[in-house]
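On a predicted model such as this, the values are computed, not experimentally measured, just so you know. For the single chain, residues carry numbers from 1 onward in sequence order. Computation of the quantities below employed the complete heavy-atom set of this structure, encompassing side-chain atoms and omitting hydrogens, waters and symmetry-equivalent molecules. When a ligand or atom number is given, it counts from 1 through the structure's own listing order.
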Amino acid sequence: MAIIAPSVLSADFLHLGNDIEMINSSQAGWIHIDVMDGVFVPNISYGIPVVKAIRKATTKTLDVHLMIVQPERYFEAFRNAGADIITFHHEASVHLHRSVAMVHELGMKAGVVLNPHTPVDVLSEILPELDLVLIMSVNPGFGGQKFIENTYRKISALKQMILATGKNILIEVDGGVDLTNAGKLFKAGADVLVAGNTVFSSADPENTIAKLLALA
Ligand code: DX5
Ligand code: ZN
């Protein structure tokens, strides 16, 4: 089943509660929360207290995307704050297998994120252990960037790898998703689409979420 995950990076932080209420009443399945440390990516966003606040305001699945170095240092803190899913970058992980196991031991779903330059083949040995893979369709760090077209190819290749495992591993796509490419992304094999700018800069965000989902 297709899922839309609005990214609160593009929300109105002064009135975050209103935006969470909008998501609650929408057809969004997950809430995507981007955590940036200013080291792994050239931007700083928000962290544990914001996840905790959002947790109190929603029963939707909290999908926490860690764009930080040594992400394993913070898995437990994000779990305690209310994260349901943790995704962290292949490019930031030295002991990825151990980190995936840590996320599972903490009772969360685990996903690995690939930057645009990282081939899907690097996941061949770890794939059966994962609940999802997040393919970046922009370089991480900022909302509102231009979608990278090579993403379709990566999704198709990853889909083949997943089918070979015989397991239900979701493909999530993050960055530059809009009403012109969402249908094609679902068709290529994406299960979850993250959308920040497209949702929050639209006149009717709830309706935009419905429109994105209808493209599945
Ligand atoms: C980028 C983040 C994205 C971002 C997507 O580093 O990982 O989740 O919020 O924003 P849009 O949909 O505006 O490209
Ligand atoms: Zn993200």
One should read off an interatomic distance between Ile48 CD1 and Asn80 CG, to the nearest 0.5 angstrom, of 9.0 Å
Between the side chains of Asn24 and Thr58, does any donor sit under 3.5 Å from an acceptor? yes
With rounding to 10 degrees, His65 ND1, the Zn ion (ligand 2) and Asp34 OD1 define an angle of 90°
Flag if over 12 foreign heavy atoms under 6.0 Å of CZ, Arg98: no
Just say parallel, tilted or perpendicular for the rings of Phe13 and Tyr46, cut-offs at 30° and 60°. perpendicular
Closest to the Zn ion (ligand 2), among the N/O/S atoms of His32, is atom NE2
The atom of Asp174 among N, O or S that is nearest the Zn ion (ligand 2) is OD2
Could you give the N/O to N/O pairs under 3.5 Å linking ligand 1 and the protein, each with its distance?
| residue | atom | partner | partner atom | Å |
| --- | --- | --- | --- | --- |
| ligand 1 | 6 (O) | Gly141 | N | 2.7 |
| ligand 1 | 7 (O) | Asp34 | OD1 | 2.9 |
| ligand 1 | 7 (O) | His65 | ND1 | 3.3 |
| ligand 1 | 7 (O) | Asp174 | OD2 | 2.8 |
| ligand 1 | 8 (O) | His32 | NE2 | 3.3 |
| ligand 1 | 8 (O) | Asp34 | OD1 | 3.0 |
| ligand 1 | 8 (O) | Asp34 | OD2 | 2.7 |
| ligand 1 | 8 (O) | Asp174 | OD1 | 2.6 |
| ligand 1 | 8 (O) | Asp174 | OD2 | 3.0 |
| ligand 1 | 9 (O) | Ser7 | OG | 2.7 |
| ligand 1 | 9 (O) | Asp34 | OD2 | 3.0 |
| ligand 1 | 12 (O) | Gly196 | N | 2.8 |
| ligand 1 | 13 (O) | Gly144 | N | 2.8 |
| ligand 1 | 13 (O) | Asn197 | N | 2.9 |
| ligand 1 | 14 (O) | Gly176 | N | 2.8 |

- Looking just at side-chain N and O atoms, do Thr151 and Ser137 make a donor-acceptor pair shorter than 3.5 Å? no
Kindly say whether the aromatic ring centers of Phe78 and Phe88 come within a distance under 6.0 Å.
no
Paired with Phe40, the ring pair (Phe, Tyr, Trp, His ring centres under 6.0 Å) test is passed by just one of His90, His89, His65, namely His89
